[in-house]
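The structure appears right after this line, and notes come after that.
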Protein chains: 2
Amino acid sequence: MSYPSQVAEALDSLQRRFALLADLTQAASLLSWDRHTYLPSGAGVTRGRQSAALDAICHEKLSDPRIGEWLSRLEDAALSAEDARLVDLCRRRHDRAVRLPAALVQDLADARSLAQEAWLDARRHNEFGRFAPSLQRMFELRREQAEQLGYAEHPYDALHDEYEAGSTAARVTSLFAELRPALVSLVGSLAAGTAGNADAPLHGEFDPRRQEEFVTGEVKRFGYDFERGRLDPTVHPFAQAMGRNDVRITTRYRADYLSTGIFATFHEAGHGLFEQGLLEELDRSPLGDAVSLGVHESQSRMWENLVGRSLPFWRGAYPRLQAHFPQALAGVDVESFYRAVNYVQPSFVRVEADEVTYNLHVIARFELELAMLDGDLPAEELPEAWNAKYRELLGITPPDALLGCLQDVHWSIGLIGYFPTYTLGNLMSVQLFEAARAAIPDLDALIEAGEHRPLLDWLGEQIHRQGSRYRPDELLERATGSVLDAAPYLRYLNSKFRGIARAEAPD
Amino acid sequence: MSYPSQVAEALDSLQRRFALLADLTQAASLLSWDRHTYLPSGAGVTRGRQSAALDAICHEKLSDPRIGEWLSRLEDAALSAEDARLVDLCRRRHDRAVRLPAALVQDLADARSLAQEAWLDARRHNEFGRFAPSLQRMFELRREQAEQLGYAEHPYDALHDEYEAGSTAARVTSLFAELRPALVSLVGSLAAGTAGNADAPLHGEFDPRRQEEFVTGEVKRFGYDFERGRLDPTVHPFAQAMGRNDVRITTRYRADYLSTGIFATFHEAGHGLFEQGLLEELDRSPLGDAVSLGVHESQSRMWENLVGRSLPFWRGAYPRLQAHFPQALAGVDVESFYRAVNYVQPSFVRVEADEVTYNLHVIARFELELAMLDGDLPAEELPEAWNAKYRELLGITPPDALLGCLQDVHWSIGLIGYFPTYTLGNLMSVQLFEAARAAIPDLDALIEAGEHRPLLDWLGEQIHRQGSRYRPDELLERATGSVLDAAPYLRYLNSKFRGIARAEAPD
């Protein structure tokens, strides 16, 4: 499309500014990756200052009034659909930045740095009190930020929207109202009928270096490209992209338990495949970015669960795993191993939870953060409220804060309104997988053969290469023909886990 | 000292701006460290863009006209000696930045990124032609930069001054005129009298992991703090500080040759000890920075050579080394090992050269870069000129570009005027070590016992904690009572190496 020169110039300036912002954001991302992998223990404060400096620069470049001028000129012009979408995306980011006073940005950066140190310190001492004041401050600052940003119904919406454009507390509440009772009921009936030691094959001695070899081989089969990525050990696994050519995943190996290393790696590889699959032509443009965290999570969950915890996958991969651990897995057949990795049991730690209980962990966090943001729950009372919520949803009481409200990094770095995207991603993952199954003949046989290319190509076409060209809800509807819906997910869980329970039941 | 409010405000603004610049420079340093350690192979171009973006931001913040206003106000005021020195240091950096047009800064950043890729590519193919055009361009841009910066005598001075404030091509030429004939003569007489296989003990099978264990233990004894540092493998060893609490050193292990891993690590640890020893109170201030590359190199060379290649050191450390390699070093006594690590022989690669030939490598580079900067030597003719210089100085001809003019990364990243600082550092290292010996009773016995604290404390007091409070020449004179002088260095080399040759000669 050919535009008048004033419009073309504004568009060019806008694109170049957001490309610069992409470069700077990627630099900031490296600082974050390094902090969680290789930063010397004595350099936490130093790194906090470096990150805060870069954040401030990004904020300055993003709130530049000239961006507002370019946007106004472009919003008055007739643009192609794609350029109009680009303008929308830039407007959204620019407005979020200009609505925040520089002092608040600085306060948030400082609070993030302090809270992260306090969280680590509290974990070291297993003492929530060391973290409580920083946490309280973080919620207050984010509440203030929500007021500055504005919202229609609830301050939570302003924060949640940052991670899942268009989603609201009301929408999440409504979806969770459908999930909550169904999940509590499913967990109850499964727990009653399941052998108490079904996960025994996962416990034993598993050399982390051999685990690394195995998962490296498997994520390569998924299509994860090590020339544009890395896999490193960390404490709290995550994926971090510094552009589509530098997509790093991290994982955690436990020498006495096999599940953590395998499924954390598969999960992060799912995120990594999304980032590596973004369209090269839209590199450094907001149009080329992954559209939302929920959509992102749909990809990690798909490779972790719908592929990685499926029977077809293990029929193919299990002999390879056994070759890595011939002694520990001797005498364990693939069906037993499949049951082990799908063992449902209420537990304390979200990232190690099974597919069924997982979303109850998320629901607990959503309800708690909503209360804290409303000021109904002071940070110092969080441990009690957390434990009460776990009793209510999962019937168990965390023995300490490490296994309770200190387990997640999120709130310490200001990620409030973020947790629900995990469950939104779970719902989407099943809707997308059903659509993929309809489009790809013999999907199960391909997965069993380790031929993941057709699935990755389908996801690339439907999701990865679309970047942010469509809103999350549009993207899902284009790919699946349906809007976000909890029913397919609940059907999937019921079918898979009641099936396992039936197979396991004594004749 | 209490200043009028306008002066105090200007000083505060200046300090805060340079603290921000320190944070941003440290972030840029992490990008560089990562590039040479863990960056995925496919992400070179991406990383180049991120670094260029940060460089541009730093240039923008450093050339800000407000800095000029603060400086003018401060330069008119009566300041303490320390504040006046701070103002000088800031003026120097600000002026260098404002004298460079933004377009040239961008061109240099782009050229650096391209030249580095081209250098890597040329090395992969062992084909200098792939690098020549980028190299030519780099010298042209740096020449242009020298013209913009200004100089009294020679454009080289403008570039060299960046690394060694106050030093000039004329001064280097004069020192090198004294060193050149003396070294050529010493190498000739040593080569004639030395057994041809004195370094045999260094060749064998040496598991890199055991090498890492050994050098980690030794640099800890030096005083290198792993809570504020790291040691990682790389291709071309370097040290990189992201503030005094995050000082990372890198090294390279060869499984078939012991010398590389040990002495590269000791060398980089020397740099690291300097950065870790900078004064905490002056953190993020130009006053607290290491003052020059020559002074920096005096520290790396001291730990590498004056400590690490000394007989007292190995009398203490050799049993520990033997314990790591009981088979490979069986039957090698400490005197033989000492002769092996001090084996003098003309060779192709600077970073692996012995103490005597090392400076001839530097002299060759200095003469060549001077000619290239003058336009007398086109880049495409470098390989021939390089080889001719090696024949002239060392009597050997590199067999290919990898072992010749492609071996160093420096010119590819624009470091022109940098090489002489290695030799300046060598000269200083001996002057400083003689002063330390005069100040510390029983220095040799302490080194043999692995008790390096007194030496490190002396260096800390005289050099590290002084940061940039004095100019390099002043600093040296305060610590040693002498100005920079080639004579002590030549005396040291003659005494040490003629001594080894005599001990080795048949009775």
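Chain letters run A, B, ... following the sequence lines, proteins first and then strands; every chain starts at 1. Everything numeric in this text was worked out from a predicted model, so none of it was measured.
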Report summary line: For A:N245 and B:A43 the tightest heavy-atom approach is O-CB, 3.2 Å

Query raised in the report: Looking only at heavy atoms, which two atoms of B:R248 and A:P40 are closest? And how far apart?
Result: NH2-CD, 3.6 Å

Report summary line: CD of B:E60 to CD of A:E60, rounded to nearest 0.5 Å, is 6.5 Å

Query raised in the report: Could you give the distance from CG (A:D34) to CG (B:D34), rounded to the nearest 0.5 Å?
Result: 7.0 Å

Would you check if [X] and [Y] make a side-chain contact, meaning some heavy-atom pair closer than 4.5 Å?
| X | Y | result |
| --- | --- | --- |
| A:R47 | B:L30 | yes |
| A:R49 | B:Q26 | no |
| A:I57 | B:L54 | no |

Report summary line: The side chain to side chain donor-acceptor pair (under 3.5 Å) partners of B:E213 (sequence neighbours excluded) come to B:R210

Under a 4.5 Å cutoff for heavy-atom pairs, which residue among [options] has the most contacts with chain B?
| options | result |
| --- | --- |
| A:V45, A:L31, A:L20 | A:L31 |
| A:Y38, A:F226, A:W33 | A:Y38 |
| A:T25, A:D225, A:D246 | A:D246 |

Query raised in the report: Side chain, backbone, both or neither: which part of A:R244 has a non-hydrogen atom closer than 4.5 Å to chain B?
Result: neither

Query raised in the report: Contact part of A:Q276 toward chain B, heavy-atom cut-off under 4.5 Å: side chain, backbone, both or neither?
Result: neither

Requested in this report: Can you check whether anything in residues 228-243 of chain B gets within less than 4.5 Å of chain A, heavy-atom wise, and list it by number?
Outcome: B:R228, B:G229, B:R230, B:M242

